[in-house]
Protein chains: 2
Amino acid sequence: MKMSDVAKLANVSAATVSRVLSNPEKVSLETRERVLDVINKVNYKPHIVARQFRTQETKIILVVVPDITSAFFAKVLRGIEHVALKNGYQVILGDTENDVERENSYIDLLLQKQVDGMVLLTAKIDKNKLEELSNEFPLVLACEYVDGLNVPTVSIDNISSARKATEHLIQLGHTKIAHITGPMSVILSRDRLKGYKQAMISHDLEIEPSYIQEADRTFESSYNQTLKLLSLATPPTGIFVFNDEMAMGTIKAAKDSGLTVPDDLAVVGFDNIKMATVFEPNLTTIDQPKFAIGQKAMELLLQLINGEPMKKKKFVMKDELIIRDSTKGE
Amino acid sequence: MKMSDVAKLANVSAATVSRVLSNPEKVSLETRERVLDVINKVNYKPHIVARQFRTQETKIILVVVPDITSAFFAKVLRGIEHVALKNGYQVILGDTENDVERENSYIDLLLQKQVDGMVLLTAKIDKNKLEELSNEFPLVLACEYVDGLNVPTVSIDNISSARKATEHLIQLGHTKIAHITGPMSVILSRDRLKGYKQAMISHDLEIEPSYIQEADRTFESSYNQTLKLLSLATPPTGIFVFNDEMAMGTIKAAKDSGLTVPDDLAVVGFDNIKMATVFEPNLTTIDQPKFAIGQKAMELLLQLINGEPMKKKKFVMKDELIIRDSTKGE
DNA sequence: CTGAAAGCGCTTACAG
DNA sequence: CTGAAAGCGCTTACAG
């Protein structure tokens with residue numbers, strides 16, 4: 001059943017059926033009702049791909065995430081999704097599993113016009129390529145960003161929030177403070193490391209190289225790096241960890257080493273995922289407005305798609321240090 | 001830049017360019033190389049929507065999940081994704097957030113030919129509608145299923161695994177065993193309740209109605225229902241909980257009530273999500289092969305899409321009771 | 001091995 | 001307010 005069949009049954013042209021569906025105000029009430037009756041009777045559904053082809057827009061956007069099983073990204077994704085759906089857009093999910101190759105391959109969807117725009121929640125891809133791409137297609141970065149790139153971006157200020165997290169430990173009296181970073185290939189890791197260093201220096205604390213350990217973003221990896229830190233001649237008494245999942249790994253390692261958190265070791269995480277309040281001790285962490293970041297990113301993408309002017313390109317969302325039991329005790 | 005432009009530059013017809021892209025073996029080596037040179041030089045990318053329109057297939061499949069922020073569904077989704085990508089299919093994500101309306105609206109993507117097939121990880125939708133749909137379109141159910149529906153389905157045997165979980169508590173000597181169910185509108189909840197009852201009856205244990213409490217699938221909801229159970233005149237000493245996230249809520253409630261797990265209260269969860277080994281005490285639970293369920297579901301969907309015969313329609317995957325600290329102690 | 005031509009199902013500028 | 005007609009960019013059956 002196609003549009004011309006419906007048209008015949010309703011004694012109108014296909015053009016009129018099309019108008020009833022897309023611009024009903026252009027059709028007289030009488031005709032409109034007659035056409036709608038037929039549409040309902042035969043349960044006609046327009047062939048969306050034909051429409052996409054004709055209008056040259058798919059009403060689909062692509063979201064590229066580094067890890068869909070991460071609670072953090074799932075929440076950001078949901079924010080995107082909400083705004084997308086409300087505006088008639090479907091969301092294609094591109095899970096790269098932290099693989100640059102796969103990130104690159106998703107970009108083909110844009111080049112092949114299979115999606116109208118793209119939100120990147122990971123940006124390992126080459127900077128120049130990204131720059132070119134954003135000149136040609138609607139593209140928004142969220143959470144991650146690329147330094148000096150003139151692309152709309154939504155994130156928190158990772159440097160200042162990492163500084164805040166570290167200063168919280170300093171204010172509690174800690175001086176031997178370690179930092180477990182994410183992969184150095186990710187700019188967020190470098191930013192949070194920078195914030196950590198800034199806090200240490202501005203409080204005249206020495207930055208001990210062996211106190212800085214790189215991990216990938218998993219529980220297990222942070223667990224192992226923590227064991228390493230705890231076996232140092234002078235182990236740290238406080239650790240700022242790249243994210244909450246890793247912070248849980250750190251605390252587990254402390255417990256397995258016979259230490260009590262926060263008494264023997266204070267731990268600060270990042271993101272404020274749901275588990276942060278379920279895990280014991282509850283995590284002191286930096287709250288990121290995950291849902292709001294997703295919403296804002298999608299709103300910016302819609303602006304780009306609709307060709308609306310964009311005065312501001314960088315949006316810094318508000319984060320918040322949330323103090324819980326992993327640093328302050330019960 | 002479109003195909004005919006490439007054709008001109010290479011001194012061939014558009015048909016030949018098309019063949020180079022889709023059936024290179026039908027083009028002479030010489031011509032093929034000449035065309036590929038041009039394609040690379042101008043960085044031509046075919047307009048996929050035009051191809052979709054022409055071939056009447058989109059190479060996109062839809063996965064409908066009840067909750068994308070759930071660790072369980074994210075893992076199943078990843079299994080689907082792996083098989084999809086390997087076979088040249090993109091995945092559109094349909095997150096219903098447990099809303100039947102939204103489940104229904106995703107079905108339009110199928111009716112409008114915007115996707116080639118669909119995997120449902122939730123099935124609240126009307127049974128007859130589903131039956132009709134599956135006669136017309138490639139459709140696979142995974143995790144959830146609908147009783148008496150002749151649609152390819154991948155899941156574990158929820159009744160027997162729930163029985164196993166309950167019997168584990170019985171074997172530990174518990175007689176006052178409660179069950180916190182998921183929403184009764186979900187068949188999995190009814191199945192697991194059935195398994196619980198079977199275990200109780202076959203061991204001559206009374207089924208105490210107040211020991212059965214319904215919760216939605218969240219941590220908080222199970223937390224509250226557990227408080228209710230613990231305030232009974234004769235509180236249970238063991239609880240089988242619908243899923244792991246809820247089991248964590250149950251344990252939290254027990255702790256907050258001054259009880260020790262497993263000594264005062266033994267708890268069994270379901271799914272074996274990653275957090276089950278991070279949370280303390282580690283959860284005794286039923287392991288579901290999440291990734292494999294996703295893979296199998298997508299393989300079945302591919303069979304349907306390709307019109308291959310399917311001898312068997314119901315696939316029951318192997319589950320496993322995993323005993324950890326939440327029932328047996330250290 | 002290659003090309004000319006038809007056609008997939010819509011939408012929209014144009015004419016009346 | 002309505003219709004006839006063109007055309008979006010591919011693929012493929014057919015002919016040579």
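Since the model is a prediction, treat every value here as computed from it, not as a measurement. Throughout, protein chains are lettered first and strands after them, A, B, ... in sequence-line order, and every chain is numbered starting at 1.
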How far apart are the C-alpha atoms of A:L133 and A:L110, what are their side-chain angles, what is the distance that settles it, and do they pass the side-chain contact (heavy atoms from CB on, under 4.5 Å) test? CA-CA 9 Å; A:L133 208 63; A:L110 211 48; 4.2 Å; yes
Short side-chain donor-acceptor distance under 3.5 Å, [Y] and [X]:
X: A:Q52; Y: A:H47; answer: no
X: B:N158; Y: B:Y145; answer: no
X: B:R34; Y: B:N11; answer: no
X: A:N104; Y: A:K129; answer: yes

If the cut-off is 4.0 Å, is A:T16 near the phosphate of D:dG3, judged by side-chain N/O to OP1 or OP2? yes
Gap between atoms NZ and P, on A:K26 and C:dG16 respectively (whole Å): 19 Å
Cation-pi check for B:F315 against B:K312: NZ or CZ below 6.0 Å from the six-membered ring centre and within 45 degrees of the axis, yes or no? yes
Tell me whether B:R51 contacts the main-chain N or O of B:P46 through its side chain, where contact means a donor paired with an acceptor under 3.5 Å. no
Is there a donor-acceptor pair closer than 3.5 Å between any side-chain N or O of B:N23 and the backbone N or O of B:R19? no
Both atom distances under 3.5 Å, Watson-Crick or G-U wobble: I'd like the secondary structure of DNA chain D as a dot-bracket string, with | for pairs made across strands. |||.||||||||.|||
Going 5' to 3' along nucleotides 6-11 of chain C, which nucleotides have protein heavy atoms under 4.0 Å from the base (write B), which only from the sugar-phosphate (write S), and which from neither (write -)? BBBBBB
Do any of residues 28-38 of chain B sit with a heavy atom less than 4.0 Å from DNA chain C, and if so which? B:S28, B:T31
Side chains of B:R78 and A:I68: does their closest heavy-atom pair fall under 4.5 Å? yes
Assign A:V49 to base, sugar-phosphate, or nothing according to its heavy-atom contacts below 4.0 angstrom with the strands shown. nothing
What verdict does the side-chain contact (heavy atoms from CB on, under 4.5 Å) test give for A:V316 and A:V154, after you've listed the backbone C-alpha separation in whole Å, the side-chain angles of each residue and the deciding distance to 0.1 Å? CA-CA 6 Å; A:V316 178; A:V154 186; over 6 Å; no
